[in-house]
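Taking it in order: structure first as structure tokens, then the write-up.
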Amino acid sequence: MKDWNNLTADQNLLMNKHYTPGRAGHSINTIVLHHNAGRLSIQECWNVWQTRQASAHYQVDVNGRIGQLVWDRDTAWHAGNWEANCTSIGIEHANNQVGNPWTISDATLENGAHLVAALCRYYKLGRPQWGKNVFGHKNFAATGCPGEIAGTQNTRYMARAQYWYDEMTGKVPAPKPKAPTAPAPKPAPSVNIDALADAVIRGEYGNGEERKRRLGANYAAVQARVNEKLAGKTTAKPSVNIDALADAVIRGEYGNGDERRRRLGANYAAVQKRVNQKLGY
């Protein structure tokens, strides 16, 4: 996007048919998300809609590049519902693979979410919320569209949209104060070692010296049980540059889902954790 604040797309490739000038007196109050069910470019969307009676206002390419195909002031034919068409802006997203699951790349997700935030700010729709001012195509028509944007990637997509909205409006929530560190629990003969081991695995007891201090006399027994529960699970080698791998994942170089797991191997958990940290989850 050339200018998020003023909604200036990277490319304007405006439709010459299959849309309706104006909005029949309606105001914009909704954003409707779509996926291509394919890996289309801005030009390829325009080409498809020359012979198909459909259109959308924006297309987000697999590399995150954004094109405008119908002006916001006009009505695109995208929701399968005339009232929804008149009151909404439609955003298409290129898939990064063809077939189920219909996922989108990290770059498409990031810039699509940023566009949603920019539209919500510009048209005073409020903070992006799924089911309130942001919907999937499937909410208006019998379709599987927008694929995983309304499925496994929905939580992340909306979190990024809200992040960018907060950034653009200057309403970034203040960080929550850290809870005081709990004192080290006193050893008790009735302690549930299994429950403590599960809590350690969930990260509730920290690492290293902090874990030893907080578990106190129970440390050895709990750590032994943790090791038993995690037996057979591999971890990333300490010599691997997790930061560099996380940056490569964000650039889309390691794909998604099972492909990313396969290519990262033993490093997957550590790298995915760092990706989530970098993206603010």
Side-chain angles (χ1 to χ4, degrees), residues 1-4 10 35-36 39-42 59-66 93-118 147-149 151-168 172-173 175-176 178 200-212 223 226-227 229-281:
M1 199 77 162
K2 290 180 179 178
D3 185 345
W4 296 104
D10 296 307
H35 74 132
N36 292 166
R39 188 171 176 149
L40 302 182
S41 65
I42 298 166
Q59 159 75 0
V60 186
D61 280 355
V62 73
N63 61 4
R65 193 164 178 268
I66 295 174
H93 300 72
N95 298 101
N96 61 337
Q97 63 179 24
V98 177
N100 285 321
W102 293 102
T103 54
I104 59 176
S105 72
D106 291 334
T108 304
L109 185 149
E110 186 70 9
N111 282 1
H114 199 160
L115 177 58
V116 167
E148 295 307 313
I149 299 173
T152 59
Q153 294 180 298
N154 181 259
T155 298
R156 181 180 166 204
Y157 189 106
M158 292 307 300
R160 295 308 291 164
Q162 291 172 352
Y163 166 83
W164 283 117
Y165 181 85
D166 292 340
E167 283 285 327
M168 297 181 76
V172 180
K176 295 180 181 178
K178 292 184 178 179
V200 167
I201 292 170
R202 292 194 300 270
E204 296 175 14
Y205 280 80
N207 290 286
E209 293 302 317
E210 180 189 3
R211 183 183 297 176
K212 287 184 179 181
Q223 190 60 51
V226 167
N227 294 341
K229 285 175 174 281
L230 296 180
K233 294 186 178 181
T234 57
T235 57
K237 297 180 180 178
S239 60
V240 170
N241 189 330
I242 298 300
D243 255 348
L245 284 175
D247 289 339
V249 167
I250 291 171
R251 292 194 301 271
E253 296 175 15
Y254 281 81
N256 288 283
D258 289 336
E259 179 188 2
R260 183 181 297 175
R261 289 178 183 274
R262 178 180 59 77
R263 295 181 62 189
L264 290 173
N267 299 311
Y268 174 81
V271 173
Q272 190 60 50
K273 180 179 179 181
R274 187 61 181 133
V275 167
N276 293 341
Q277 291 172 346
K278 283 175 175 279
L279 294 179
Y281 303 139

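Numbering starts at 1 and runs along the sequence shown. Please read these numbers as outputs of a predicted model, since none were measured by experiment.
When the side-chain contact (heavy atoms from CB on, under 4.5 Å) test is applied to D3, the partners found at least two apart in sequence or on another chain are N5, N6, T8. With sequence neighbours excluded, the residues that form a salt bridge (charged side-chain N to carboxylate O under 4.0 Å, His left out) with R274 are D243. Judged as a ring-ring contact (aromatic ring centres under 6.0 Å, His included), and not counting sequence neighbours, the contacts of Y157 are H93. Remark: R39 engages no residue in a salt bridge (charged side-chain N to carboxylate O under 4.0 Å, His left out) (not counting sequence neighbours). Residues satisfying the side-chain contact (heavy atoms from CB on, under 4.5 Å) test with R263, not counting sequence neighbours, are Y254, E259. Here Q153 pairs with nothing under the side-chain hydrogen bond (donor to acceptor under 3.5 Å, both in side chains) rule; sequence neighbours left out. The side-chain contact (heavy atoms from CB on, under 4.5 Å) test applied to Q223 returns R211, Y219, V226, N227, not counting sequence neighbours. With sequence neighbours excluded, the residues forming a salt bridge (charged side-chain N to carboxylate O under 4.0 Å, His left out) with R251 are E253, listed by chain and number. Applying the side-chain hydrogen bond (donor to acceptor under 3.5 Å, both in side chains) criterion to K278, with sequence neighbours excluded, gives D247. For E110, the side-chain hydrogen bond (donor to acceptor under 3.5 Å, both in side chains) partners are R160, W164, not counting sequence neighbours. With sequence neighbours excluded, no residue forms a salt bridge (charged side-chain N to carboxylate O under 4.0 Å, His left out) with D61.
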Donor-acceptor pairs under 3.5 angstrom involving side-chain atoms of residues 111-118: please list them, not counting sequence neighbours.
residue : atom : partner : partner atom : Å
N111    : ND2  : G64     : O            : 2.8

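Residues I149 and I104 have side chains in contact (heavy-atom distance under 4.5 Å, counting atoms from C-beta outward). Side chains of R156 and L279 form a contact here, defined as non-hydrogen atoms less than 4.5 Å apart.
Counting only distance, with no hydrogens or angles, the side chain of D10 and the backbone of M1 share a donor-acceptor pair below 3.5 Å.
For the residue pair A94 and V62, the shortest heavy atom distance occurs at CB-N, 3.7 Å. When all heavy atoms are compared, the tightest approach of I250 to D106 is O-CB, 3.4 Å.
Side-chain contact annotation: Q272 with N276, donor-acceptor N/O pair under 3.5 Å present.
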